[in-house]
Student: 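Handing you a structure now.
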Amino acid sequence: MTSASIPVLDFGSQTAQLIVRRVRELGVYSELLPHDATEASVHALNPRGIILSGGPASVYELGAPGMAEWLRDVDLPVLGICYGMQLQSYALGGVVQGADWREYGPATIATLEDHPLFADLPREQSVWMSHGDRIERLPPGFRPLAQNASTPFAAVGNDDRCWYGVQFHPEVVHTIHGRDILRNFLYNICDCEGDWRPAHFVAQAVERVRERVGDERVLCALSGGVDSAVAALIVHRAIGDRLTCVFVDNGLLRLGEAEQVIDTFREHFHIPLVAVNAAEEFLSALEDVSDPERKRKIIGEKFIRIFEREACRLEDVAFLAQGTLYPDVIESKAPDRSKGITIKTHHNVGGLPADMQMTLVEPLRYMFKDEVRAAGLELGLPESWVWRHPFPGPGLAVRVIGAVTWERLEKLRRADAIFMEELRVADLYRATQQAFAVLLPVQSVGVMGDGRTYADTIALRAVSTEDYMTADWTRLPYDLLARISSRIVNEVPGVNRVVYDISSKPPATIEWE
Ligand code: XMP
């Protein structure tokens, strides 16, 4: 039996995904379902309650997402958030109207009584509002639970049905006690046990892969990143040696990375692994190419051709495993999770052949990144791998600025390895979300011993970011930077200068190319 859950029905809010994350963080399984999900699909998740997300529409508009017939009569607790709350009122006979103002940003609300939804919370609290419409009259059986001057129905409830609504967004961090309110809903109203852990994904995902793949064989492209590694380990646990991994060493990886992939998968996990050393092929294709986008295109195409070649050698492979994560699934609005999809180009593995007739199997399609990491640890993936910073598909080719040669790649690999080693020794590797070295096409004058040098420059980049869309440069300690700089100029021949990149994104990007 699926563990108990709180499904979230998606009415289009930007933060609907965040509600799912919060519920899972509180120890209860959750999935985001379309607002018009069928009763059967909700019940398949063994729900203890349902959350209705916010959304951009107005309930009284033509074409606004409505409430399914079955949901009106459902015998489960329901929490409506923002639009979800307005819809709840509207569908049950209340009145919702556009206000002539929008309430957007922080607001203070006051609760009107002691209520399990607000148990152990201060009477006045700061919440995040984002709405234009508001409830003017409550439906029968509902009463106000919290208010403020502009929103008389900031929270409402009907205890007989265990239906509640909040006009604000408890899922965002700006609602100071938002997490507590959600916890109260899960535990005080829905009687959840809170026994769900990200590690449960492993057993569930293994089972799903087994069902989906049957007796067929599966291919998985390993990139060296955490997602493809965890996807491969789950598939291996499900079907054993009917999984074959393909790992393409394109010569653009970091120091020791190819060896680690091969050792870990072949020697440690005993997973059949085809390792293709294609460094020369990639480097000759990149000869004299300096333009970053051309580099990307050449590398993407080369990867496809090599992967195709290797896949052809393995006969009777019906499935391709990919490490697609839940946010990608939600964002691409994948219609039906049970249907097979014929491969199209996909960024996860650097683009795959459009005409390859394999069916996708995506063991991570219900997981967020932090849950993939937890699953990786559960499956015995080394910590250093689980917590590795993201690495771009085109690899070091976009960190050797200008022309890519083996000699320049080696220089960069050594500098980068020193940077990473020192970050780990200082216990600051996880204090930054992405750190790396860049080899600049700039030579400058230096002095070493009694001699003049004219040598290369290494730039160090470390960023702090939540989503990699915006980023700030990480304030690494000066002493650490000094040590890294000194080691690089002493240990990497041909480098006499190290600079630290103090640009934020925007206007810069994280990578230099
Ligand atoms: P930028 O440089 O755009 O990077 O600020 C944001 C994040 O994306 C990664 N990145 C890539 N990943 N293929 C990838 O798989 C690429 O071509 C690519 N370019 C940038 C980058 O490392 C950072 O995490």
Side-chain angles (χ1 to χ4, degrees), residues 220-231 246-255 257-258 261 282 285-286 289-304 306-307 322-325 327-328 331-332 344-352 362 364 368-370 372-373 385-402 404 409 412-413 415-416 419-420 423 429-440 458-474 500-513:
C220 181
L222 285 179
S223 67
V226 66
D227 301 344
S228 63
V230 174
V246 173
F247 170 65
V248 180
D249 178 357
N250 56 13
L252 307 168
L253 303 173
R254 290 160 291 187
L255 194 70
E257 201 168 1
V261 173
F282 276 86
L286 286 169
V289 177
S290 294
D291 176 67
E293 284 318 299
R294 271 198 70 209
K295 286 182 185 175
R296 279 192 169 78
K297 198 158 179 289
I298 289 169
I299 294 165
E301 280 173 5
K302 221 13 21 359
F303 181 87
I304 292 175
I306 294 173
F307 189 77
Q322 272 193 0
T324 319
L325 302 187
D328 297 332
E331 265 145 39
S332 67
K344 293 246 160 65
T345 308
H346 199 293
H347 69 272
N348 269 359
V349 280
L352 286 165
E362 296 174 317
L364 316 183
F368 292 108
K369 188 82 178 186
D370 42 346
V372 171
R373 294 204 162 104
W385 195 321
V386 166
W387 293 108
R388 187 176 284 171
H389 295 162
F391 187 61
L396 297 185
V398 290
R399 293 180 181 171
V400 166
I401 310 303
V404 183
L409 284 166
L412 176 59
R413 265 191 270 274
D416 189 74
F419 187 13
M420 294 308 108
L423 265 183
Y429 184 81
R430 280 174 62 187
T432 172
Q433 280 63 55
Q434 196 170 9
F436 53 89
V438 181
L439 179 66
L440 305 189
I458 286 283
L460 305 175
R461 179 87 163 131
V463 294
S464 304
T465 174
E466 272 189 21
D467 55 8
Y468 297 87
M469 307 290 284
T470 61
D472 196 6
W473 56 280
T474 306
Y500 190 48
D501 182 349
I502 54 166
S503 336
S504 62
K505 172 186 179 177
T509 53
I510 295 176
E511 302 288 346
W512 278 48
E513 281 197 337

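Computed from a prediction, not measured in an experiment: that's the story for all the values here. First listed ligand is number 1; within each ligand, the first listed atom is number 1.
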Student: I want to confirm something. Looking only at heavy atoms, which of Glu513, Arg461, Arg296, His389 is nearest to atom 17 (O) of ligand 1?
Tutor: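 Minimum heavy-atom distance to atom 17 (O) of ligand 1 goes to Arg296.
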Student: Under a 4.0 angstrom heavy-atom cut-off, which atoms of ligand 1 come close to Tyr468?
Tutor: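 Every atom of ligand 1 under 4.0 Å from some heavy atom of Tyr468: 6 (C), 24 (O).
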Student: Can you list the ligand 1 atoms lying under 4.0 Å from a non-hydrogen atom of Lys505?
Tutor: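 It comes down to these atoms of ligand 1: 1 (P), 3 (O), 5 (O), 6 (C).
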Student: Which pairs count as salt bridge (charged side-chain N to carboxylate O under 4.0 Å, His left out) when at least one residue sits in residues 386-396, sequence neighbours excluded?
Tutor: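 Applying salt bridge (charged side-chain N to carboxylate O under 4.0 Å, His left out) to every pair that reaches into residues 386-396, excluding sequence neighbours, yields Glu257-Arg388.
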Student: Excluding sequence neighbours, so at least two apart, what forms salt bridge (charged side-chain N to carboxylate O under 4.0 Å, His left out) with Asp501?
Tutor: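 Partners of Asp501 by the salt bridge (charged side-chain N to carboxylate O under 4.0 Å, His left out) criterion, ordered by chain and then number, come out as Arg461.
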Student: What atoms of ligand 1 come within less than 4.0 Å of a heavy atom belonging to Gly393?
Tutor: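 Heavy-atom distances to Gly393 below 4.0 Å select 12 (N), 13 (N), 14 (C), 15 (O).
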Student: Should the ring pair Tyr429 and His389 be called parallel, tilted or perpendicular, given that the plane angle runs from 0 to 90° and is split at 30 and 60?
Tutor: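 It falls in the parallel class, under 30°.
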Student: NZ of Lys297: more than 12 outside heavy atoms within 6.0 angstrom?
Tutor: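 Atom NZ in Lys297 is not packed in, count stays at 12 or less.
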Student: Minimum heavy-atom separation for Leu252 and Pro394, please, with both atom names.
Tutor: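 Nearest pair, atom of Leu252 first, then Pro394: CD1-O, 3.7 Å.
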Student: Would you mind listing which atoms of ligand 1 come within a distance below 4.0 Å of any non-hydrogen atom of Thr509?
Tutor: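 Going through ligand 1 atom by atom, the ones under 4.0 Å from Thr509 are 1 (P), 2 (O), 5 (O).
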Student: Between Glu511 and Arg399, is there a side-chain N and carboxylate O pair less than 4.0 Å apart?
Tutor: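 So Glu511 pairs with Arg399 through a salt bridge.
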Student: Would Ile510 count as a polar contact of ligand 1, with the cut-off being nitrogen or oxygen pairs under 3.5 Å?
Tutor: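 Yes: some nitrogen or oxygen of Ile510 is under 3.5 Å from one in ligand 1.
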Student: Heavy atoms only: which of Gln434, Lys295, Glu511 is nearest to atom 23 (C) of ligand 1?
Tutor: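 Among Gln434, Lys295, Glu511, the closest heavy atom to atom 23 (C) of ligand 1 comes from Gln434.
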